[in-house]
Amino acid sequence: MYSSVESRPDFPGIEKDILRFWEENHIFERSVEQNKGGEPFTFYDGPPFATGLPHYGHIMVGVLKDAVQRYNTMLGKYLPRRFGWDCHGLPVEYETEKLLGISGKSAIEAYGIDKFNEACRSIVQKFTSEWRSTVRRSGRWVDFDNEYRTMDLDYMESIWWVVKQLWDKSLLYQGYYILPYCPRCSTVLSNHDVALGGYRDIHDPALTVRFPLTESALPVLPGSFRAVVGESQISFLAWTTTPWTLPANLGLALHPDFDYALVREESREPGEAPNYVILLQGKVAEIVGKDAEVLATAKGRELVNLEYRPLFDYFAQLGSEGAFRSHCADFVSAEDGCGIVHCASGFGEDDYKLLSAAGIPVVAPVDEECRYTEEVRDFAGRFVRDANKDVSKYLKDAGSVFRQGQILHSYPHCWRCESPLIYRAISSWFVKVESLREQLLRSNSEIYWVPEHLRDGRFGNWLANARDWSISRNRYWGNPIPIWLCEAGHYRCLSGRAELEELTGEKITDLHKHFIDHLEFDCVECASEGTERKMHRVSEVLDCWFESGAMPYAQNHYPFENKDWFEKNFPAHFINESLDQTRGWFYTLTVLSTALFGRPAFKSCVTSGMILAEDGRKMSKSLRNYTPPEEVMESFGADAMRIYLLSSAVVKGEPIRFSDAGVKNVLKSIILPLWNAYSFYVTYANADKVFAVSVPQNPQNPLDQWILSELETLIGKFRTAMEQLFLPQAVTPLFDFIDLLNNWYIRRSRRRFWKSGRDEDKCDAYATLRYVLDQLMRVCAPLIPFISEKIYRGLQTEEQLAHGANGVHCTDGADGAAPESVHLCSFPEVQQAMRRPELEAQMSLARRCVSLGRSLRARQQIRNRQPLAEARIVTRSETEKARLQELLGLIGEELNVKRVCIDENEEELVHYSAKANFRVLGKLLGKDMKLLASEVEKLDSAGIGKILGGESVTLTLNGQQHSTFELSAEHLDIRRREKEGFCVLNEGRLTLALQTAVNAELYREGLIRDIIRLVQNLRKEADLQVSRRIEILLGGSSREVEEALAAFGDELLSETQGDAWYWQQTATDLPEYGIGGEQGTESSVTEKVLLGIRCTSV
RNA sequence: GGGCCUGUAGCUCAGUUGGUUAGAGCGCACGGCUGAUAACCGUGAGGUCACAAGUUCAAAUCUUGUCAGGCCCA
């Protein structure tokens, strides 16, 4: 016996049973284990933050990863699947700060870095159990027990090794990064944080300041300026809304293409020497005054490298290094201020880039709380924003202020404490990515991208314009940068634990900051110079992106362990994450692998699109605009959700709007039909007691041959799509195949299963259907692992399952037994011998004929139950005629006609018209195409008939290139139109005509078909088993019904498992039914019959 | 502001190297069929292929521009 099949299956319930089955029998572990000697397939799982919950984005990539992994496992590849967690970084620190009720760096340091870090460690895996349960429920097989964590000692040690490699290759350097910084929280903010906090309007001072040129600058001025100014004082005018940055001013920037004006300032006191200023010509009226006279102009580029006197003397010594001069820069705007920008390299990104390119050192004289340091002695200890007034006053007293005002502008604020942010230079360690650009592009060219455009598009562009990568953070919970420094400025980068132990004599059990920051050792270089100095670790920790990018090495504790294995299996065959990782993980993986090994870290990458809510917006918990994944899986099942996602555009990097209705739809169009096919097989096999079904051996029935051929075609398409990692092209053929199986193979084969006895054809039918289902489940298994497991196992009898030996077919095991799980099977190979392309074409033609016939019946309002005498299929094509010949019986049965014949004389039934075949003729005729097209349209039906018959016709064109053209059939695109008065329908080369006349005999046969259906309905209502036998009681006054029974009574009995029928004209105890009529509807019935059934056997 | 992607039926999407009736599924309406199927089949309505210009005998398809949406970056 096969287990009986629930007719209304509870898919989520089934899935949970399957999950239990997998776990109890360790199917996942065994599926990996059994391939241990096989070719390895390397996969890298991108680590999610250990402090977040899984969302649809994770589920999407999880499902895709799972499908690819299951598929490759079924190909026999060895594919362990380690999960990983990203455990370090600011998100964890924020969580911990919240938990401890503290905020900011000084608070953390007061609390104690050791306690703080341990608190971070303890909350890191807060959400592990939620992850496990959601991932498990989605059907994704992944090894959680052997997961890697970026905070583990081995992982961290490998990261040190990676840093050391970069160090040895001189790819690391210390520089500055200008970042938004919150003075109150004493922390750097990411751009994401800035977006969170948003911009708001605040009032700031607006100060216009004179920067007087030194005497040495005068000879360098453009001649026109020199002529006006002579020996007088001349100043640049610059404008700022952050006066506090002026003490750190080290340069001025002008736009090379703008026009700058020389203007004479009004004397403040009579007799005073004249004073001149330079500013943007377009701003003269606004800033100096309407009446101000422009005495000379020059382009910005003519005014560069002019030395001016620093406003403050704090950094005056930098004048010798190039500070206090004018520069050209494109970022200068003509909108605000004077068109001259005051540059403080410590407090602005543009400023920093400009001045550091000119070789001027960075100056950022503020502490962690953004108070001036001692360097700015007049304001030391003052919070910079508060010092704006002091600075302004100081400059005013010094006579430097040209104008003072206020401005209301939008300005970024901290999302946590709402303080206005400050841009400031942060010292950071960088990887010299810019020097690697060419190698990065070379690595990228080796990667197979889905979608393809990412390679040269988004990712390629990003690499081509890559900037040096800041990898350090001034934080606590992270992997400490393994660089030690002595007071003499000597650096030493360590490569691992052993080296540190050797240098310090300490046993190292943990590499986190609070375990190693106190460790010091002697500086070797100093020693060689004869002095003795200690080295201390630099304070920074690594950005967590560095750690995830180094995951290929670190998860294997490379090179400390697994050296050979890693080197043989790098790069990974496959990774998959969503589009936002192009600049994230994909990038960091590629940078590190290229820097270390000169290769990409992965050979192929599928980039999924973003998952949006049904309303097209981002999924948002507060908006409640989506159903949580757990609930979707609870109502429709994980399989439905999986195949919905995998068949969508999201796997080619486009966004989708996730819709519950879409999931429900695939449940109806894929999962349920599969279930129905399975249920059909089991129902009849159980009723027929057909349990030992073999692989079909050369079946003779074309239906069997055909579906077996279609199966091979499916396997081929599926494999190709999976090799190309393009899932929708695997799913579409699957959809199509399921339709063919249900709505053609099973429908057309039903009677083969019903008939009594056990002839060869019936055995072939069982063998074929079981084989097809079994193979189909193996094909589906990677995509919909639950239902395919359920059906795969359901296709084995309870005895076979109990004894673990199937022994009859589709075996994988050496002992001839079918594996107990579909996921332990190998993926079907394409068996070319089974392919019958010609038969597939034949069947598709037959299906088109049937479709035409059905459409004709609908048009003529003749119900399908009414038998008709004849259908004529008309085609001139010899191939089509030959193809149809073998399937006439099948077509006749499906169309309920007594006879189907093939005819080639279509001219009786259709008119021809013709259009030029542009595809063929366009290349031949070029510009004369239009002429010919209009000539062709003039052809009449008879003329076209002749051409079809093989004659050719010469058309006169009088065209530019051709005066005549000899036309034959292949130059034409023939259209057919049905002639009036015939019951005929045409589609392309195929025409079908129905004989619609219904004679008495056909009419009576139709009546019997109506009665058969009524009886079947009664049986169904009475819930009778298929095999229960009945007697049929009939009555009424209809002569036609009586005659029909006399003629077709036997057919009635054989169709309904009837033993006998009885006719009584006055059977008043029976209900009455209307039958016959054109449409069989109540209003058009032509006969009435009294009808009842009773069982004869128990 | 820059890069990349997308715009085709009410909805979700196919659409080959340019070739003349632009397809499918869902939904809707009507009809049919039904002893595996809470299924299925047929018919119908519904399109300025975002817009504009260009290339071409011929453009949903190639080029340019515009508009709208998405993602990333600034």
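A, B, ... follow the sequence lines: proteins, then strands. Residue 1 opens every chain.
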At a cut-off of 3.5 Å, list every protein nitrogen or oxygen paired with a nitrogen or oxygen from nucleotides 39-44 of chain B, distance to 0.1 Å.
{"unit_1": "B:C40", "atom_1": "O3'", "unit_2": "A:Asn743", "atom_2": "ND2", "d": "3.4"}
{"unit_1": "B:C41", "atom_1": "O2'", "unit_2": "A:Arg854", "atom_2": "NE", "d": "2.7"}

### Query
If we ignore angles and hydrogens, is there a donor and acceptor under 3.5 Å between the side chains of A:Asn576 and A:Ser608?
yes
### Message
Which label fits A:Phe11 and A:Trp675: parallel for a plane angle under 30°, tilted from 30 to 60°, or perpendicular past 60°?
### Response
perpendicular
### Query
Once you round it to whole Å, what is the distance between P of B:U56 and CG of A:Leu925?
18 Å
#### Entry: Residue pairs fulfilling side-chain hydrogen bond (donor to acceptor under 3.5 Å, both in side chains) with at least one residue in residues 731-744 of chain A, sequence neighbours excluded
A:Asp739-A:Asn743
### Task
Apply side-chain hydrogen bond (donor to acceptor under 3.5 Å, both in side chains) to A:Arg748 and list each qualifying residue two or more places apart in sequence or on a separate chain.
A:Glu893, A:Glu894
### Query
To the nearest Å, how far apart are A:Gln581 CD and B:C4 C1'?
17 Å
### Query
If you look only at pairs with a residue in residues 927-937 of chain A, which of them pass as a side-chain hydrogen bond (donor to acceptor under 3.5 Å, both in side chains), with sequence neighbours excluded?
A:Asp928-A:His962, A:Glu935-A:Lys938
### Message
With heavy-atom distances below 4.5 Å as the criterion, would you say the side chains of A:Val650 and A:Met60 are in contact?
### Response
yes
### Task
Under the side-chain contact (heavy atoms from CB on, under 4.5 Å) rule, collect the residues that match up with A:Asp660, sequence neighbours excluded.
A:Thr627, A:Val632, A:Phe636, A:Phe658
### Distance in angstrom units between A:Phe965 CZ and B:C57 P, rounded
18 Å
Contacts under 3.5 angstrom, residues 661-669 of chain A side chains, donor-acceptor by atom type, not counting sequence neighbours:
{"unit_1": "A:Ser669", "atom_1": "OG", "unit_2": "A:Asn665", "atom_2": "O", "d": "3.0"}

### Query
C1' atom, B:C40 versus B:C26: distance in rounded Å?
16 Å
### Summary
To the nearest angstrom, the CZ-P distance between A:Arg467 and B:A74 comes to 8 Å
### Task
Answer yes when A:Asp688 and A:Lys762 have at least one side-chain N-carboxylate O distance shorter than 4.0 Å, and no when they do not.
yes
### Task
In whole angstrom, give the distance that lies between atom CG of A:Leu667 and atom C1' of B:U37.
14 Å
### Message
Which is more 5' along RNA chain B, the nucleotide nearest A:Asp928 or the one nearest A:Ile1012? Just name the residue.
### Response
A:Ile1012
### Nearest-angstrom distance, C1' atom, B:A45 to B:U37
29 Å
### Task
Inspect the surroundings of CD in A:Glu434 and state if more than 12 heavy atoms from other residues, nucleotides or ligands are less than 6.0 Å away.
yes
### Task
For A:Gln1016 and for A:Asn665, locate the closest nucleotide of RNA chain B by heavy-atom distance; then report the residue assigned to the nucleotide nearer the 5' terminus.
A:Asn665
### Message
Across nucleotides 9-21 of chain B, 5' to 3', mark each nucleotide with B, S or - according to how protein heavy atoms within less than 4.0 Å reach it.
### Response
---SSS--B-BBB
### Query
According to a strict under-4.0 Å criterion, is A:Lys927 in side-chain N/O contact with OP1 or OP2 of B:C57?
yes
### Task
Let me have a per-nucleotide readout for nucleotides 61-66 of chain B, 5' to 3', with B, S or -, counting only protein heavy atoms under 4.0 Å.
------
#### Entry: Integer angstrom distance from the P of B:A50 to that of B:A9
8 Å
### Query
At under 4.0 Å between heavy atoms, what does A:Leu454 touch on the DNA or RNA strands: base, sugar-phosphate, or nothing?
nothing
### Query
In terms of ring plane angle, is the pair A:Phe586 and A:Phe459 parallel, tilted or perpendicular, where the classes change at 30° and 60°?
perpendicular
Between the protein and nucleotides 1-3 of chain B, which nitrogen or oxygen pairs come in under 3.5 angstrom?
{"unit_1": "B:G3", "atom_1": "O3'", "unit_2": "A:Asn461", "atom_2": "ND2", "d": "3.4"}
{"unit_1": "B:G3", "atom_1": "O2'", "unit_2": "A:Asn461", "atom_2": "ND2", "d": "2.8"}
{"unit_1": "B:G3", "atom_1": "N2", "unit_2": "A:Arg458", "atom_2": "NH2", "d": "3.3"}

### Message
Under the ring pair (Phe, Tyr, Trp, His ring centres under 6.0 Å) test against A:Phe753, which residue among A:Tyr766, A:Tyr681, A:Tyr745 passes?
### Response
A:Tyr766
### Query
Using 4.0 Å as the upper bound for N to carboxylate O, is an ion pair formed by A:Lys915 and A:Asp973?
no
### Distance, P atom - from B:U16 to B:G54, rounded to whole angstrom
25 Å
### Task
Using the C1' atom as the reference point in each nucleotide, state the distance between B:U61 and B:G18 in Å, no decimals.
6 Å
### Message
In this structure, how many angstroms lie between the C1' atom of B:A36 and the OH atom of A:Tyr745, rounded?
### Response
14 Å
### Task
Could you tell me whether A:Ala661 contacts a base, only the sugar-phosphate backbone, or nothing, with contacts defined as non-hydrogen atoms closer than 4.0 Å?
nothing
### Task
State which residues pass side-chain hydrogen bond (donor to acceptor under 3.5 Å, both in side chains) with A:Arg750; sequence neighbours excluded, sorted by chain then number.
none
### Task
Report yes if a side-chain nitrogen or oxygen of A:Tyr684 is closer than 4.0 Å to either non-bridging phosphate oxygen (OP1 or OP2) of B:A36; otherwise report no.
yes
### Message
How many whole angstroms separate atom OH of A:Tyr423 from atom P of B:A74?
### Response
11 Å
### Task
Can you tell me, in whole Å, how much space there is between the P of B:U6 and that of B:G15?
11 Å
### Task
Just grab all the salt bridge (charged side-chain N to carboxylate O under 4.0 Å, His left out) pairs involving residues 672-683 of chain A, residues at least two apart or on different chains.
none
### Query
Going by heavy atoms in the side chains, are A:Leu925 and A:Phe965 under 4.5 Å from each other?
yes
### Query
Is it true that the side chains of A:Tyr177 and A:Tyr352 contain a donor and an acceptor less than 3.5 Å apart?
no
### Message
A:Glu1055 and side-chain hydrogen bond (donor to acceptor under 3.5 Å, both in side chains): which single residue from A:Arg1013, A:Arg751, A:Arg1009 fits?
### Response
A:Arg751
#### Entry: Pairing annotation in dot-bracket form, given for RNA chain B with Watson-Crick or G-U pairs under 3.5 Å and | for cross-strand partners
(((((((..((((.....[...)))).(((((.......))))).....(((((..]....)))))))))))).
### Query
Quick one: A:Leu769 CG to B:U37 C1', roughly how many Å, whole number?
14 Å
### Query
Taking the same atom, P, in B:U34 and in B:C41, what whole-Å distance lies between them?
15 Å
### Query
Say you pick atom P in B:U12 and the same atom in B:G70; how far apart are they, in whole Å?
15 Å
